[in-house]
Amino acid sequence: MAEAAIRPPLALLAEVTHRCPLACPYCSNPVELTRAAGELPTDVWADIFRQAADLGVLHAHLSGGEPASRRDLVELVAAAHDAGLYTNLITSGIGVTKDRLAALDEAGLDHVQLSMQGVRAEVADFVGGYNGGFDKKMQVAGLIAERGIPLTLNAVMHRHNLDDLPATLDLAQTLGARRIEVACVQFAGWALKNRAALQPTRAQVDEAKRVVAEARDRLRGVLAIDFVPPDYYADYPKACMGGWGSTGLNIAPDGKVLPCHAAEIIPGMTFQNAAEVPLGEIWYGGEAFNAFRGTDWMPDTCKACDRRDIDLGGCRCQAMALVGDARAIDPVCRKSPDRGRVDALLAEEAVGADWTYRRFAKAPAPAE
Amino acid sequence: MTATANTACIPVLPRGVRLHHDRVRKVEVLLGPERTLMLDGIGHAILSELDGRRSMATISGDLAARFGAPVDQVSRDVETFLTDLADKRLVDMIDG
(Lines give C-alpha, C1' and ligand atoms only; values in the text may rest on other atoms or scores of the structure.)
Protein backbone atom coordinates (compact mmCIF):
# COMPACT_ATOMS: atom_id res chain seq x y z
CA MET A 1 0.00 0.00 0.00
CA ALA A 2 1.38 3.41 -0.93
CA GLU A 3 2.32 5.72 1.91
CA ALA A 4 -0.08 8.36 0.65
CA ALA A 5 -3.00 5.98 1.23
CA ILE A 6 -2.00 5.24 4.82
CA ARG A 7 -3.67 7.56 7.28
CA PRO A 8 -1.76 8.84 10.31
CA PRO A 9 -2.47 7.07 13.61
CA LEU A 10 -4.93 8.63 16.07
CA ALA A 11 -4.04 6.82 19.25
CA LEU A 12 -1.08 5.40 21.08
CA LEU A 13 -1.49 2.73 23.73
CA ALA A 14 1.63 3.03 25.85
CA GLU A 15 2.00 -0.13 27.91
CA VAL A 16 4.59 1.40 30.17
CA THR A 17 4.98 -1.67 32.38
CA HIS A 18 3.76 -5.23 32.75
CA ARG A 19 4.10 -5.02 36.53
CA CYS A 20 0.73 -5.06 38.30
CA PRO A 21 -0.42 -5.78 41.83
CA LEU A 22 -3.54 -7.45 40.41
CA ALA A 23 -3.53 -10.84 38.75
CA CYS A 24 -6.73 -10.73 36.68
CA PRO A 25 -7.07 -13.97 34.71
CA TYR A 26 -8.35 -12.06 31.66
CA CYS A 27 -5.37 -9.76 31.30
CA SER A 28 -4.73 -8.78 27.69
CA ASN A 29 -0.98 -8.77 28.25
CA PRO A 30 1.00 -11.51 26.55
CA VAL A 31 1.64 -14.65 28.55
CA GLU A 32 5.38 -13.82 28.28
CA LEU A 33 5.61 -10.70 30.43
CA THR A 34 8.42 -8.15 30.32
CA ARG A 35 10.18 -7.61 33.66
CA ALA A 36 11.06 -4.24 35.21
CA ALA A 37 14.65 -4.37 33.97
CA GLY A 38 13.43 -4.55 30.38
CA GLU A 39 11.23 -1.44 30.59
CA LEU A 40 12.00 1.68 28.57
CA PRO A 41 13.32 4.60 30.64
CA THR A 42 11.49 7.90 31.08
CA ASP A 43 13.41 9.87 28.45
CA VAL A 44 12.79 7.27 25.74
CA TRP A 45 9.04 7.34 26.44
CA ALA A 46 9.14 11.15 26.36
CA ASP A 47 10.76 11.01 22.93
CA ILE A 48 8.18 8.46 21.76
CA PHE A 49 5.34 10.77 22.85
CA ARG A 50 6.87 13.64 20.86
CA GLN A 51 7.32 11.44 17.80
CA ALA A 52 3.75 10.19 18.15
CA ALA A 53 2.37 13.73 18.26
CA ASP A 54 4.41 14.67 15.19
CA LEU A 55 2.96 11.64 13.45
CA GLY A 56 -0.63 12.70 14.11
CA VAL A 57 -1.46 10.81 17.31
CA LEU A 58 -3.98 12.74 19.42
CA HIS A 59 -4.61 10.41 22.36
CA ALA A 60 -2.02 8.78 24.60
CA HIS A 61 -3.39 5.98 26.74
CA LEU A 62 -0.99 5.13 29.53
CA SER A 63 -1.62 1.56 30.43
CA GLY A 64 0.15 -1.60 31.53
CA GLY A 65 0.18 -3.73 33.65
CA GLU A 66 -0.49 -1.09 36.25
CA PRO A 67 1.09 2.19 35.10
CA ALA A 68 1.20 3.40 38.72
CA SER A 69 3.77 0.66 39.32
CA ARG A 70 6.22 2.98 37.57
CA ARG A 71 7.88 5.47 39.89
CA ASP A 72 8.11 7.98 37.04
CA LEU A 73 4.40 7.91 36.17
CA VAL A 74 3.98 11.64 36.82
CA GLU A 75 6.94 12.42 34.54
CA LEU A 76 5.51 10.15 31.85
CA VAL A 77 2.13 11.90 31.96
CA ALA A 78 3.84 15.30 31.92
CA ALA A 79 5.88 14.26 28.88
CA ALA A 80 2.79 13.07 26.99
CA HIS A 81 0.94 16.26 27.93
CA ASP A 82 3.86 18.49 26.94
CA ALA A 83 3.96 16.72 23.57
CA GLY A 84 0.40 17.98 23.04
CA LEU A 85 -1.35 14.66 23.53
CA TYR A 86 -4.65 14.02 25.31
CA THR A 87 -3.58 11.93 28.27
CA ASN A 88 -5.62 9.05 29.59
CA LEU A 89 -4.49 6.99 32.57
CA ILE A 90 -5.77 3.41 32.47
CA THR A 91 -5.40 2.13 36.02
CA SER A 92 -6.72 -0.25 38.64
CA GLY A 93 -6.22 2.60 41.10
CA ILE A 94 -3.76 0.60 43.18
CA GLY A 95 -0.71 2.79 43.79
CA VAL A 96 -2.55 6.03 43.03
CA THR A 97 -2.29 7.95 46.30
CA LYS A 98 -3.81 11.33 47.06
CA ASP A 99 -0.48 13.14 46.58
CA ARG A 100 0.28 11.28 43.40
CA LEU A 101 -3.12 12.05 41.95
CA ALA A 102 -2.56 15.72 42.73
CA ALA A 103 0.80 15.59 40.94
CA LEU A 104 -0.78 13.80 37.95
CA ASP A 105 -3.51 16.43 37.84
CA GLU A 106 -0.92 19.21 37.83
CA ALA A 107 1.10 17.39 35.17
CA GLY A 108 -1.86 17.75 32.80
CA LEU A 109 -3.70 14.46 33.10
CA ASP A 110 -6.91 14.74 31.07
CA HIS A 111 -8.84 11.66 32.09
CA VAL A 112 -8.78 8.52 34.20
CA GLN A 113 -10.10 5.16 33.17
CA LEU A 114 -10.54 3.06 36.29
CA SER A 115 -10.86 -0.69 35.87
CA MET A 116 -13.59 -2.55 37.76
CA GLN A 117 -13.24 -6.22 38.55
CA GLY A 118 -16.61 -6.40 40.30
CA VAL A 119 -19.12 -4.32 42.26
CA ARG A 120 -18.54 -6.10 45.55
CA ALA A 121 -15.26 -6.68 47.37
CA GLU A 122 -15.62 -10.45 47.45
CA VAL A 123 -16.06 -10.72 43.67
CA ALA A 124 -13.62 -7.94 42.72
CA ASP A 125 -10.84 -9.19 44.99
CA PHE A 126 -11.34 -12.77 43.87
CA VAL A 127 -11.09 -11.74 40.20
CA GLY A 128 -8.11 -9.46 40.78
CA GLY A 129 -6.41 -11.95 43.09
CA TYR A 130 -5.68 -9.07 45.46
CA ASN A 131 -7.25 -8.71 48.89
CA GLY A 132 -8.38 -5.21 49.77
CA GLY A 133 -8.14 -4.08 46.15
CA PHE A 134 -11.79 -3.14 45.88
CA ASP A 135 -11.72 -0.91 48.96
CA LYS A 136 -8.60 0.85 47.71
CA LYS A 137 -10.22 1.36 44.34
CA MET A 138 -13.28 2.95 45.92
CA GLN A 139 -11.01 5.35 47.82
CA VAL A 140 -9.22 6.29 44.61
CA ALA A 141 -12.54 6.85 42.84
CA GLY A 142 -13.43 9.27 45.65
CA LEU A 143 -10.14 11.14 45.22
CA ILE A 144 -10.69 11.39 41.46
CA ALA A 145 -14.17 12.83 42.00
CA GLU A 146 -12.83 15.25 44.63
CA ARG A 147 -10.34 16.70 42.14
CA GLY A 148 -12.94 16.72 39.37
CA ILE A 149 -10.87 14.62 37.00
CA PRO A 150 -13.14 13.10 34.33
CA LEU A 151 -13.71 9.42 34.99
CA THR A 152 -14.60 6.42 32.88
CA LEU A 153 -15.27 3.11 34.53
CA ASN A 154 -13.89 0.17 32.62
CA ALA A 155 -15.95 -2.80 33.76
CA VAL A 156 -14.48 -6.01 32.45
CA MET A 157 -17.28 -8.52 32.29
CA HIS A 158 -17.34 -12.30 32.09
CA ARG A 159 -19.30 -15.25 33.42
CA HIS A 160 -18.53 -14.43 37.07
CA ASN A 161 -19.80 -10.83 37.05
CA LEU A 162 -22.00 -10.27 33.99
CA ASP A 163 -25.11 -10.81 36.11
CA ASP A 164 -24.03 -7.76 38.14
CA LEU A 165 -24.29 -5.46 35.12
CA PRO A 166 -27.24 -3.37 36.47
CA ALA A 167 -25.36 -2.85 39.75
CA THR A 168 -22.23 -1.97 37.77
CA LEU A 169 -24.10 0.76 35.90
CA ASP A 170 -25.44 2.06 39.22
CA LEU A 171 -21.94 2.11 40.70
CA ALA A 172 -20.65 4.13 37.73
CA GLN A 173 -23.21 6.81 38.50
CA THR A 174 -22.52 6.73 42.23
CA LEU A 175 -18.83 7.29 41.53
CA GLY A 176 -19.63 10.19 39.22
CA ALA A 177 -18.33 8.57 36.04
CA ARG A 178 -19.46 10.19 32.80
CA ARG A 179 -18.73 7.08 30.83
CA ILE A 180 -18.61 3.36 31.30
CA GLU A 181 -17.08 0.74 29.11
CA VAL A 182 -18.87 -2.54 29.54
CA ALA A 183 -16.08 -4.60 28.09
CA CYS A 184 -16.78 -8.28 27.81
CA VAL A 185 -13.51 -10.16 27.93
CA GLN A 186 -11.79 -10.52 24.59
CA PHE A 187 -9.91 -13.75 24.34
CA ALA A 188 -6.29 -12.87 23.79
CA GLY A 189 -3.26 -13.10 26.07
CA TRP A 190 -4.05 -14.48 29.53
CA ALA A 191 -7.76 -14.40 28.76
CA LEU A 192 -7.25 -16.97 26.03
CA LYS A 193 -5.53 -19.24 28.52
CA ASN A 194 -8.51 -18.85 30.88
CA ARG A 195 -11.29 -18.80 28.32
CA ALA A 196 -13.21 -21.76 29.72
CA ALA A 197 -13.38 -20.13 33.14
CA LEU A 198 -14.48 -16.75 31.77
CA GLN A 199 -16.80 -17.36 28.81
CA PRO A 200 -20.29 -16.12 29.64
CA THR A 201 -23.38 -18.15 28.81
CA ARG A 202 -25.72 -17.23 25.95
CA ALA A 203 -28.46 -16.37 28.45
CA GLN A 204 -26.11 -13.94 30.22
CA VAL A 205 -25.16 -12.32 26.93
CA ASP A 206 -28.78 -11.87 25.83
CA GLU A 207 -29.66 -10.32 29.18
CA ALA A 208 -26.62 -8.02 29.07
CA LYS A 209 -27.65 -6.72 25.65
CA ARG A 210 -31.14 -6.01 26.96
CA VAL A 211 -29.80 -4.22 30.04
CA VAL A 212 -27.43 -2.09 27.95
CA ALA A 213 -30.15 -1.09 25.46
CA GLU A 214 -32.50 -0.11 28.28
CA ALA A 215 -29.78 1.78 30.19
CA ARG A 216 -28.60 3.69 27.12
CA ASP A 217 -32.09 5.02 26.69
CA ARG A 218 -32.68 5.78 30.37
CA LEU A 219 -29.25 7.32 31.01
CA ARG A 220 -28.88 9.37 27.84
CA GLY A 221 -26.96 12.54 28.71
CA VAL A 222 -26.10 11.14 32.13
CA LEU A 223 -23.85 8.16 31.50
CA ALA A 224 -22.35 7.31 28.11
CA ILE A 225 -22.22 3.53 27.69
CA ASP A 226 -19.82 1.73 25.39
CA PHE A 227 -20.52 -1.96 25.07
CA VAL A 228 -18.04 -4.51 23.81
CA PRO A 229 -20.06 -7.70 23.38
CA PRO A 230 -18.46 -11.11 23.76
CA ASP A 231 -17.59 -11.76 20.18
CA TYR A 232 -17.76 -15.56 20.12
CA TYR A 233 -21.54 -15.11 20.35
CA ALA A 234 -21.65 -12.62 17.49
CA ASP A 235 -22.56 -13.41 13.89
CA TYR A 236 -19.86 -11.20 12.44
CA PRO A 237 -16.36 -10.46 13.72
CA LYS A 238 -15.32 -7.33 15.57
CA ALA A 239 -13.55 -4.71 13.46
CA CYS A 240 -10.41 -5.28 15.45
CA MET A 241 -8.37 -2.09 16.09
CA GLY A 242 -10.70 -0.32 13.64
CA GLY A 243 -8.69 -2.06 10.93
CA TRP A 244 -5.10 -3.29 11.21
CA GLY A 245 -2.58 -0.45 11.08
CA SER A 246 -5.29 2.14 10.46
CA THR A 247 -6.02 3.86 13.77
CA GLY A 248 -3.63 3.11 16.56
CA LEU A 249 -0.41 1.58 17.70
CA ASN A 250 0.60 -0.21 20.86
CA ILE A 251 4.00 0.04 22.42
CA ALA A 252 5.02 -2.72 24.82
CA PRO A 253 7.07 -1.98 27.97
CA ASP A 254 10.31 -2.89 26.16
CA GLY A 255 9.55 -0.57 23.24
CA LYS A 256 8.28 -3.12 20.77
CA VAL A 257 5.71 -1.48 18.50
CA LEU A 258 2.67 -3.65 17.83
CA PRO A 259 -0.34 -3.18 15.54
CA CYS A 260 -2.43 -4.65 18.41
CA HIS A 261 -1.62 -5.94 21.86
CA ALA A 262 -1.99 -9.59 20.85
CA ALA A 263 -0.03 -9.44 17.60
CA GLU A 264 2.97 -11.20 19.07
CA ILE A 265 1.16 -14.53 18.83
CA ILE A 266 1.39 -14.37 15.04
CA PRO A 267 4.47 -16.37 14.05
CA GLY A 268 6.98 -15.01 11.57
CA MET A 269 6.11 -11.40 12.23
CA THR A 270 8.92 -9.08 13.27
CA PHE A 271 8.23 -6.07 15.46
CA GLN A 272 10.47 -3.05 15.42
CA ASN A 273 11.46 -1.20 18.56
CA ALA A 274 10.61 2.46 19.12
CA ALA A 275 13.89 2.93 20.98
CA GLU A 276 15.75 2.04 17.79
CA VAL A 277 13.59 2.97 14.80
CA PRO A 278 11.65 6.23 14.23
CA LEU A 279 7.96 5.72 14.91
CA GLY A 280 6.97 7.13 11.51
CA GLU A 281 9.13 4.58 9.74
CA ILE A 282 7.52 1.78 11.75
CA TRP A 283 3.97 3.05 11.14
CA TYR A 284 4.29 3.68 7.41
CA GLY A 285 6.95 1.23 6.35
CA GLY A 286 7.08 -1.49 8.99
CA GLU A 287 6.43 -5.03 7.82
CA ALA A 288 4.15 -5.81 10.76
CA PHE A 289 1.95 -2.76 10.19
CA ASN A 290 1.64 -3.45 6.49
CA ALA A 291 0.95 -7.18 6.87
CA PHE A 292 -2.85 -6.82 7.12
CA ARG A 293 -3.42 -3.24 6.11
CA GLY A 294 -6.26 -2.43 3.75
CA THR A 295 -8.02 -5.20 1.83
CA ASP A 296 -5.38 -6.75 -0.44
CA TRP A 297 -4.42 -9.43 2.12
CA MET A 298 -8.02 -10.57 2.64
CA PRO A 299 -9.33 -14.02 1.74
CA ASP A 300 -11.65 -13.87 -1.31
CA THR A 301 -14.74 -14.33 0.87
CA CYS A 302 -13.87 -11.17 2.80
CA LYS A 303 -12.88 -9.19 -0.28
CA ALA A 304 -16.25 -9.91 -1.90
CA CYS A 305 -18.27 -9.48 1.31
CA ASP A 306 -20.69 -6.57 1.66
CA ARG A 307 -19.42 -6.15 5.22
CA ARG A 308 -15.79 -5.80 4.06
CA ASP A 309 -15.56 -2.15 5.09
CA ILE A 310 -17.54 -2.67 8.31
CA ASP A 311 -15.71 -5.63 9.86
CA LEU A 312 -12.41 -4.82 8.13
CA GLY A 313 -11.43 -8.46 8.06
CA GLY A 314 -12.07 -9.10 11.76
CA CYS A 315 -9.33 -10.10 14.15
CA ARG A 316 -6.10 -11.66 12.85
CA CYS A 317 -5.03 -12.83 16.26
CA GLN A 318 -8.34 -14.63 16.70
CA ALA A 319 -7.84 -16.41 13.38
CA MET A 320 -4.38 -17.37 14.60
CA ALA A 321 -5.55 -18.52 18.01
CA LEU A 322 -8.54 -20.55 16.85
CA VAL A 323 -7.68 -21.70 13.34
CA GLY A 324 -3.90 -21.62 13.55
CA ASP A 325 -3.67 -19.33 10.52
CA ALA A 326 -3.48 -15.54 10.82
CA ARG A 327 -4.62 -15.20 7.18
CA ALA A 328 -7.82 -17.21 7.65
CA ILE A 329 -11.30 -15.71 7.87
CA ASP A 330 -12.00 -14.70 11.48
CA PRO A 331 -13.75 -17.89 12.68
CA VAL A 332 -16.41 -15.88 14.54
CA CYS A 333 -17.85 -14.91 11.15
CA ARG A 334 -20.87 -16.92 9.98
CA LYS A 335 -19.19 -17.12 6.58
CA SER A 336 -16.09 -18.81 7.97
CA PRO A 337 -15.79 -22.56 7.32
CA ASP A 338 -14.40 -22.75 10.87
CA ARG A 339 -17.41 -21.19 12.63
CA GLY A 340 -18.26 -24.68 13.91
CA ARG A 341 -15.12 -24.63 16.04
CA VAL A 342 -16.31 -21.49 17.84
CA ASP A 343 -19.74 -23.01 18.45
CA ALA A 344 -18.14 -26.19 19.74
CA LEU A 345 -15.98 -24.15 22.15
CA LEU A 346 -19.06 -22.31 23.40
CA ALA A 347 -20.92 -25.55 24.01
CA GLU A 348 -17.93 -27.11 25.70
CA GLU A 349 -16.58 -24.26 27.78
CA ALA A 350 -19.26 -21.93 29.07
CA VAL A 351 -19.93 -24.26 31.96
CA GLY A 352 -17.18 -24.18 34.53
CA ALA A 353 -13.45 -24.37 35.09
CA ASP A 354 -10.78 -22.85 37.33
CA TRP A 355 -8.58 -20.07 36.12
CA THR A 356 -4.86 -19.34 36.26
CA TYR A 357 -4.03 -15.94 37.71
CA ARG A 358 -1.88 -13.69 35.57
CA ARG A 359 1.45 -13.46 37.33
CA PHE A 360 5.09 -13.37 36.39
CA ALA A 361 6.59 -16.82 36.14
CA LYS A 362 9.00 -17.52 38.98
CA ALA A 363 12.45 -16.35 37.85
CA PRO A 364 14.18 -17.82 35.99
CA ALA A 365 11.27 -18.35 33.62
CA PRO A 366 10.90 -22.02 32.77
CA ALA A 367 12.06 -22.87 29.27
CA GLU A 368 9.23 -24.43 27.29
CA MET B 1 -27.99 17.88 34.84
CA THR B 2 -30.95 17.12 32.65
CA ALA B 3 -31.07 14.68 29.79
CA THR B 4 -33.22 16.95 27.67
CA ALA B 5 -31.86 20.40 27.10
CA ASN B 6 -33.89 23.49 26.31
CA THR B 7 -32.65 26.56 24.53
CA ALA B 8 -32.31 28.50 27.79
CA CYS B 9 -29.57 26.06 28.84
CA ILE B 10 -25.99 27.22 28.81
CA PRO B 11 -23.84 24.69 26.99
CA VAL B 12 -20.26 24.20 28.19
CA LEU B 13 -17.39 21.89 27.39
CA PRO B 14 -16.80 19.91 30.57
CA ARG B 15 -13.34 19.27 31.88
CA GLY B 16 -11.64 16.60 29.78
CA VAL B 17 -13.29 17.75 26.55
CA ARG B 18 -11.51 20.37 24.49
CA LEU B 19 -11.00 21.88 21.08
CA HIS B 20 -7.67 21.12 19.51
CA HIS B 21 -5.98 22.11 16.30
CA ASP B 22 -4.71 18.97 14.60
CA ARG B 23 -1.54 20.25 12.97
CA VAL B 24 -0.92 17.01 11.06
CA ARG B 25 -4.38 16.65 9.45
CA LYS B 26 -4.86 20.42 9.37
CA VAL B 27 -8.31 20.23 10.85
CA GLU B 28 -10.02 21.31 14.08
CA VAL B 29 -10.97 18.43 16.36
CA LEU B 30 -12.90 17.92 19.57
CA LEU B 31 -11.02 15.68 21.97
CA GLY B 32 -12.71 13.82 24.81
CA PRO B 33 -12.33 10.55 26.67
CA GLU B 34 -11.73 7.91 23.98
CA ARG B 35 -13.30 10.27 21.46
CA THR B 36 -12.00 12.28 18.53
CA LEU B 37 -14.45 14.29 16.48
CA MET B 38 -13.14 15.86 13.30
CA LEU B 39 -15.06 19.13 13.04
CA ASP B 40 -16.31 20.87 9.96
CA GLY B 41 -16.49 24.66 9.82
CA ILE B 42 -19.99 24.78 11.29
CA GLY B 43 -19.21 22.43 14.18
CA HIS B 44 -16.10 24.38 15.03
CA ALA B 45 -17.94 27.71 14.81
CA ILE B 46 -20.62 26.46 17.22
CA LEU B 47 -18.21 24.98 19.77
CA SER B 48 -16.04 28.11 19.67
CA GLU B 49 -19.04 30.06 20.97
CA LEU B 50 -19.27 28.08 24.21
CA ASP B 51 -18.17 30.53 26.89
CA GLY B 52 -20.13 29.35 29.92
CA ARG B 53 -22.24 32.52 29.89
CA ARG B 54 -24.49 32.47 26.86
CA SER B 55 -27.46 30.17 26.37
CA MET B 56 -28.07 28.05 23.31
CA ALA B 57 -30.68 30.56 22.14
CA THR B 58 -28.27 33.48 22.46
CA ILE B 59 -25.50 31.60 20.68
CA SER B 60 -27.86 30.72 17.82
CA GLY B 61 -28.92 34.35 17.50
CA ASP B 62 -25.33 35.58 17.51
CA LEU B 63 -24.25 33.03 14.89
CA ALA B 64 -27.25 33.82 12.68
CA ALA B 65 -26.40 37.52 12.81
CA ARG B 66 -22.74 36.95 12.10
CA PHE B 67 -23.30 34.62 9.13
CA GLY B 68 -26.42 36.38 7.85
CA ALA B 69 -28.41 33.15 8.07
CA PRO B 70 -32.05 32.63 9.12
CA VAL B 71 -32.16 32.24 12.91
CA ASP B 72 -34.65 29.32 12.72
CA GLN B 73 -32.28 27.29 10.66
CA VAL B 74 -29.22 28.14 12.76
CA SER B 75 -31.13 27.31 15.96
CA ARG B 76 -32.05 23.91 14.60
CA ASP B 77 -28.44 23.17 13.65
CA VAL B 78 -27.07 24.39 16.97
CA GLU B 79 -29.62 22.46 19.04
CA THR B 80 -29.22 19.23 17.09
CA PHE B 81 -25.44 19.40 17.23
CA LEU B 82 -25.14 20.31 20.91
CA THR B 83 -27.89 17.97 22.10
CA ASP B 84 -26.18 15.08 20.38
CA LEU B 85 -22.90 15.96 22.09
CA ALA B 86 -24.70 16.34 25.43
CA ASP B 87 -26.21 12.88 24.98
CA LYS B 88 -22.66 11.57 24.68
CA ARG B 89 -21.51 13.59 27.69
CA LEU B 90 -19.17 15.69 25.58
CA VAL B 91 -21.12 18.87 26.34
CA ASP B 92 -22.74 19.79 29.67
CA MET B 93 -25.98 21.72 29.74
CA ILE B 94 -26.33 24.09 32.66
CA ASP B 95 -29.84 25.24 33.46
CA GLY B 96 -30.12 28.85 32.39
Side-chain angles (χ1 to χ4, degrees), chain A residues 7-11 13 51-61 81 83-90 105 108-114 144-145 147-154 172-173 176-181 183 216-226 228 242 247-248 280 283, chain B residues 1-40 43-44 46-48 50 52 55-57 59 78-96:
Chain A
R7 286 167 298 171
L10 283 164
L13 182 71
Q51 289 187 50
D54 287 344
L55 204 52
V57 166
L58 298 171
H59 284 262
H61 305 285
H81 174 77
L85 300 170
Y86 187 101
T87 54
N88 176 26
L89 178 66
I90 301 178
D105 194 0
L109 182 64
D110 284 298
H111 175 255
V112 175
Q113 184 176 312
L114 190 65
I144 293 167
R147 294 203 74 93
I149 302 174
L151 173 69
T152 288
L153 229 52
N154 179 17
Q173 292 172 77
R178 287 187 211 159
R179 237 183 111 244
I180 184 169
E181 288 183 20
R216 274 185 177 151
D217 198 40
R218 177 170 49 91
L219 300 174
R220 180 171 300 129
V222 176
L223 183 68
I225 304 173
D226 275 4
V228 181
T247 309
W283 175 257
Chain B
M1 177 73 47
T2 53
T4 46
N6 62 60
T7 55
C9 284
I10 298 166
V12 293
L13 291 180
R15 187 172 161 189
V17 183
R18 61 166 192 257
L19 288 167
H20 178 82
H21 175 69
D22 182 336
R23 61 186 157 94
V24 173
R25 296 171 189 80
K26 299 186 171 49
V27 64
E28 304 300 325
V29 297
L30 185 68
L31 298 179
E34 303 269 349
R35 291 283 178 276
T36 306
L37 261 68
M38 303 285 169
L39 299 170
D40 58 15
H44 185 249
I46 296 172
L47 290 174
S48 300
L50 272 47
S55 68
M56 270 211 286
I59 288 171
V78 168
E79 281 165 41
T80 306
F81 183 66
L82 292 179
T83 305
D84 178 59
L85 291 176
D87 284 350
K88 296 173 177 146
R89 294 286 338 245
L90 295 171
V91 161
D92 277 354
M93 294 290 183
I94 301 166
D95 289 336

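Numbers restart at 1 for each chain; the letters A, B, ... are given by sequence-line order, proteins then strands.
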Counting heavy-atom pairs under 4.5 Å with chain B, which one of [options] comes out on top?
options                               : value
A:Arg179, A:Glu181, A:Gln113          : A:Arg179
A:Ile149, A:Val112, A:Leu223, A:Leu55 : A:Ile149
A:Asn88, A:Asp54, A:Thr152            : A:Asp54

To the nearest 0.5 Å, what is the distance between [atom1] ([X]) and [atom2] ([Y])?
X        : Y       : atom1 : atom2 : result
A:Leu10  : A:His59 : CG    : NE2   : 8.0 Å
A:Leu219 : B:Asp87 : CG    : CG    : 11.5 Å
B:Leu31  : A:Leu85 : CG    : CG    : 9.5 Å

Worksheet entry | Donor-acceptor under 3.5 Å (A:Asp110 side chain, A:Thr87 main chain) |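 Yes: the side chain of A:Asp110 pairs with the backbone of A:Thr87.
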Practice prompt. Say whether, by atom type as modelled, one donor and one acceptor occur between the side chain of A:Tyr86 and the main chain of B:Val17 under 3.5 angstrom.
Written response: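 The answer is no, because no donor-acceptor pair under 3.5 Å joins these two groups.
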By a 4.5 Å heavy-atom criterion (distance strictly below it), what part of [X] contacts chain B: side chain, backbone, both, or neither?
X        : value
A:Asp226 : side chain
A:Ala53  : both
A:Arg178 : both
A:Leu109 : backbone

Worksheet, complete the sentence: Ranking B:Lys88, B:Arg23, B:His20 by heavy-atom pairs under 4.5 Å to chain A gives rank one to B:Arg23
Worksheet entry | Check against side chain to side chain contact (heavy atoms under 4.5 Å, CB included), B:Leu39 and B:Phe81 | CA-CA 11 Å; B:Leu39 299 170; B:Phe81 183 66; 4.2 Å; yes
Worksheet entry | A:Thr247 and A:Arg7, any side-chain heavy atoms less than 4.5 Å apart | no
Practice prompt. Measure distances from B:Arg25 to the heavy atoms of chain A and classify the residue's part below 4.5 Å as side chain, backbone, both or neither.
Written response: side chain
